[in-house]
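These notes are about the structure you will find just below.
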Amino acid sequence: MLDIKKIIENKEFFSIGLSNRGYDVSNLDTIINFDSKRREYIKKGDKKRSERNEISKKIGLEKRKPTESETTYIKKLSEDLKSLDKNLSKINIKIREIMLEIPNIPNEQVPIGKDESSNVVKDTKGYQRNEEFIKPHWDIGPEKDILDLEAGANISGARFFVLKGKGAKLHRALMNWMMDVHTNEFGYTEIDPPYLVKKETMIGSGNLPKFKDNLYRDDETDLWLIPTAEVSLNGLHQGKIIPPNSLPLSYVAMTPSFRKEHASAGRDIRGIKRVHQFYKVEMFRFVSPETSMDYLEKMIKNARVLCERLELSSKLIQLSTGDIGFQSAITYDIEVWAPGSKEWLEVSSISNCMDFQSRRNNTRFKEKQASSTIFPHTLNGSGLALPRIWVAILENGQQEDGTIKIPEVLIPYTGFKTI
RNA sequence: GGAGGGGUGGCUGAGUGGUUGAAAGCGUCUGUCUUGAAAACAGGAGUAUCCGCAAGGGUACCGCAGGUUCGAAUCCUGUCCCCUCCGCCA
């Protein structure tokens, strides 16, 4: 959520930022209008309440019954207050509704553009294999009996899959290895959060109200399945004031992610590049505002190191204003080369959301005991996303003799060197 | 699922329908003392919002939402959450 006070102060700045994203800026005027009405209701209401309090207090102090004129006067005040309060809460709801649907302002470093065609490739690392004998994972997986697409469809339908034997173990080894690197080397605290969350938590992260079509939900309890651990981790300090000297808070979680993928119907239909349920290791940080850009760099590095150690070729891409996510102010993607599928696969997306999410879920911190509260900046990034990195290893590991080589770092975790 | 108990400030915990935004203790911050620290002593400190350049003032908040009343942390209703016991169960 944006800061409504700043919008009023400097509408121009917000108009530019939002239109760079392709957002309809006319809502800003509506907001400014509603806010002045809101203030008017508050002013009037507070005055009436103050009057009422004064009279009641006097009656109490003098230890007597109220006079008839006092009673009728206060009853009149209370009547007026009722309608004022009704108007106030109506306007508050309207303001909130609009505010919740306004995306974050892109950072000034973000290249301006309508869509992903304006994204900028920052660099490409590692050797990209392209030998003839390399097969796509949807062929080599079933051949080795480690991936069963039919069984997935049979159990749950399209975009579900089953890993078997060494395939399943490779998957588990990847998760464990990544979690160990994050916690032992990069200093993240491991979190195992709920996968089902309240509506408020989804609003806090920015997934609701706008993106409900992509989310699974249980009707009876109104609980929602997380599309990423970012949602749960962001909710960790919801409504709380983080005490002084606690930042930065660095968390890492490994959870399943559930996505309906309605918007990409028909895309990436082969193999397991885009599925309804997948595991992902997620990095998440709460940091003080002036440090957040430095932490963004750190998190990119963290994800990049994993790709390198997995012996994969990777590409760092800066997303343009037209392609960054709703809650993000600046985002970098990391893609790895999959020589069998013959494409780059997005395995990480790393964003600085600034104070957008902490405003939404009212997470604050204090610099010192006596100082005022501040909204921390939040950052999130995959480190890394699972079936895709599994795919990349499977496709990149293929050798001429038909075996698949496991990256050195994983061998202690898999217990085997080849598939 | 059944029975009972409870939600008060960072924590523990008082609270009679009327100067209670709320005792006390712990913790915390500032100062005095000390070479420094501890201890002791003195003092300060909730959150949000509105008006104001500021000083300052108003309003709201005792899980949440309503209601009764001139006046509600305190009474009533609903709701959520937590704890204990029983039942069921991975």
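Naming: A, B, ... by sequence-line order, numbering from 1 per chain. This is a predicted model, so every value here is computed, not measured.
- Within the 4.0 angstrom heavy-atom criterion, no nucleotide atom of any strand lies near A:Thr67.
- Nearest nucleotide to the A:Leu61 side chain, out of B:U47, B:C70, B:U19: B:U19.
- Comparing B:A48, B:G71, B:C50 by their nearest atom to the side chain of A:Ile42 picks out B:C50.
- Proximity note for A:Ile59 (side chain, C-beta onward) versus B:U68, B:A60, B:G18: the nearest is B:G18.
- For B:A3, the paired base is B:U84 (Watson-Crick or G-U wobble, both distances below 3.5 Å).
- Base pairing of B:G56: its partner is B:C51, meeting the Watson-Crick or G-U wobble criterion (both donor-acceptor distances under 3.5 Å).
- Among the candidates A:Arg274, A:His276, A:Arg159, A:Arg267, the single residue satisfying the side chain to side chain donor-acceptor pair (under 3.5 Å) test with A:Glu261 is A:Arg274.
- Across all strands, A:Ile55 comes closer than 4.0 Å to no nucleic acid atom at all (heavy-atom distances).
- Judged by the 6.0 Å and 45° rule, A:Lys166 forms a cation-pi pair with A:Phe416.
- The side chain of A:Thr373 approaches B:U47 more closely than any other nucleotide in the set B:G67, B:U47, B:U59.
- A:Arg64 comes within 4.0 angstrom of no nucleic acid atom, judged by non-hydrogen atoms across all strands.
- Checking B:C62 for Watson-Crick or G-U wobble geometry (two distances, each under 3.5 Å) identifies no partner in any strand.
- The closest donor-acceptor contact from the side chain of A:Asp148 to the backbone of A:Ala151 lies under 3.5 Å.
- Within 4.0 Å (heavy atoms only), A:Lys75 reaches sugar-phosphate atoms of the nucleic acid but no base atom.
- Judged by Watson-Crick or G-U wobble contacts below 3.5 Å, the nucleotide B:U69 has no partner.
- The side chain of A:Lys366 has B:G46 as its nearest neighbour among B:G46, B:G18, B:U59.
- Between the side chain of A:His137 and the backbone N or O of A:Ile272 there is at least one donor-acceptor pair closer than 3.5 Å.
- Using Watson-Crick or G-U wobble geometry with both donor-acceptor distances under 3.5 Å, B:A39 finds no partner in any strand shown.
- When distances run from any side-chain atom of A:Thr71 to the nucleotides B:G58, B:C70, B:C51, the shortest one goes to B:C70.
- Taking the side chain of A:Asn53 as heavy atoms from C-beta on, and the options B:A60, B:C50, B:U68, the nearest nucleotide is B:A60.
- A cation-pi contact, defined as under 6.0 Å to the ring centre and within 45° of the axis, is absent between A:Lys122 and A:Tyr332.
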